Amino acid sequence: MATIEEAADYIRSRIPREPRVGLILGSGLGVLGDDISGAVAIPYAEIPGFPLSTVEGHAGRLVVGTLGEGPRAKTVVIMQGRFHYYEGYPMEEVVFPVRVMKRLGVETLVVTNAAGGVEKSFSPGELMLITDHIKFFTDSPLRGPNDDSFGPRFNDMSTAYTPRLQKLAREVARDQGITLREGVYAFMAGPSFETPAEITMLRTLGASAVGMSTVPEVITAAHAGLEVLGISAISNMAAGILDQPLNHEEVMETGLRVRDRFIALIQSLVEAL
Ligand code: HPA
C-alpha cells in the first residue's frame with residue numbers, strides 16, 4: 001500500500017491551496033462538494049493508497065475548494081463518500097484519509113452521518129450535535145504499532161469532540177433557527193441494524209444515537225491533534241422504538257429531506273470557524 005505521504009504529495013500536486021478544514025460527509029450530504037467554488041475533484045481511484053468506495057450514493061472522490069464567501073471563506077477538503085468498517089476494509093484503511101488530511105495541513109475535521117435515534121424524544125429529521133461517543137466490540141484504528149509522528153501511544157479522548165466547536169455549533173444553529181439536539185453517538189459495526197435489545201442496552205449506557213461510521217475517523221483525528229466537530233442527522237428511530245422495520249431506503253429518504261437544512265448549517269459553521 002502506498003504511504004500516507006505519497007497520497008498527500010499527490011493531492012498537493014493537484015490543488016491550488018492547502019486546506020485547513022476537512023469534511024467527511026455522510027449519506028446523501030456529499031452534494032455539498034458539488035457547489036463549492038474553484039473546486040478540484042480527485043476520484044479516489046487516482047490517489048495512491050486510497051481505498052475505493054463501494055456504497056451506493058457515495059461518489060468516491062475528494063473535492064478541494066473554497067467554501068463560503070468573503071473574508072470568512074475557507075479552503076476545504078471534502079470527502080464525498082467515506083469508508084465503512086462493514087464494507088470489509090481494515091480499520092487502517094477506514095481512517096487512511098484522515099491521516100492524509102492531517103499531512104495536507106488540515107487542523108479541523110467536520111464529520112457528519114446519518115444515525116438511528118436511540119433517545120426516544122428524538123424524531124427522524126432532527127440534527128444532533130455529537131458531544132461524545134461510545135465504541136466497543138471493534139478494534140481501535142490505532143491498534144498496532146503507534147506512529148509517533150501523528151500522536152502518542154495512549155492518546156487522551158476526554159475532549160475528542162472539541163468543546164469550543166460544540167459551543168460554536170450551538171450558536172450558529174440558534175442564529176439560523178435550526179433545532180440542534182445533543183447526545184452521545186454509539187458506534188456499532190453493522191451492517192445489520194441493531195436488535196431492539198442492543199438499542200435498549202445502548203440507551204442504558206447513555207447513548208442518544210447509533211450508527212456505523214464516524215468513530216474510527218474521530219479517534220484517528222483526536223490522536224493526530226485535530227479539532228473535531230460531529231453532527232448526526234437522525235434518519236430513523238432505532239430498532240424496537242417504533243412498531244416498524246428499519247431499512248436503508250428510509251435512511252436515504254430522511255437524508256434527502258434534511259439535506260438543505262443540514263448543508264446550510266455546515267456551511268455557516270465552516271464560515272464561523
Ligand atoms: N443503526 C445503525 N446505523 C444507522 C441507523 C441505525 O438505526 N440509521 C442510520 N444509520
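Model, not experiment: these values are computed from the prediction. In each ligand, atom 1 is the first atom listed, and ligand 1 is the first ligand listed.
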Applying ring-ring contact (aromatic ring centres under 6.0 Å, His included) to Y10 and F50, what does each step give before you reach the verdict?
CA-CA 11 Å; Y10 176 79; F50 242 67; 9.9 Å; no
(message) Quick one about R261 and T179 (side-chain donor to acceptor, distance below 3.5 Å, no hydrogens or angles considered), yes or no?
(response) no
Ligand 1 atoms nearer than 4.0 angstrom to some heavy atom of L246 are 7 (O)
Counting from 1 in the order shown, the ligand 1 atoms closer than 4.0 Å to a non-hydrogen atom of S235 are 8 (N), 9 (C)
shortest atom 1 (N) of ligand 1-to-protein heavy-atom contact is with E194 OE1, 2.7 Å
Quiz item: Would you say T254's side chain and G125's backbone share a donor-acceptor pair under 3.5 angstrom?
Solution: no
Establish, for the pair R181 and F122, whether the NZ or CZ atom is under 6.0 angstrom from the six-membered ring centre and no further than 45 degrees off its axis.
no
| Are Y85 and F137 near enough that their ring centres are under 6.0 Å apart? | no
Atom 3 (N) of ligand 1 sits nearest the protein heavy atom G211 CA, 3.3 Å
protein heavy-atom neighbour closest to atom 7 (O) of ligand 1 works out as N236 ND2, 3.0 Å
The closest protein heavy-atom partner of atom 10 (N) of ligand 1 is A114 O, 3.4 Å
Going by the 4.0 angstrom heavy-atom rule, the piece of A239 near ligand 1 is neither
For atom 4 (C) of ligand 1, the closest protein heavy atom turns out to be V210 O, 3.8 Å
Of all protein heavy atoms, the one nearest atom 5 (C) of ligand 1 is G116 N, 3.4 Å
Quiz item: In terms of ring plane angle, is the pair Y161 and H133 parallel, tilted or perpendicular, where the classes change at 30° and 60°?
Solution: perpendicular
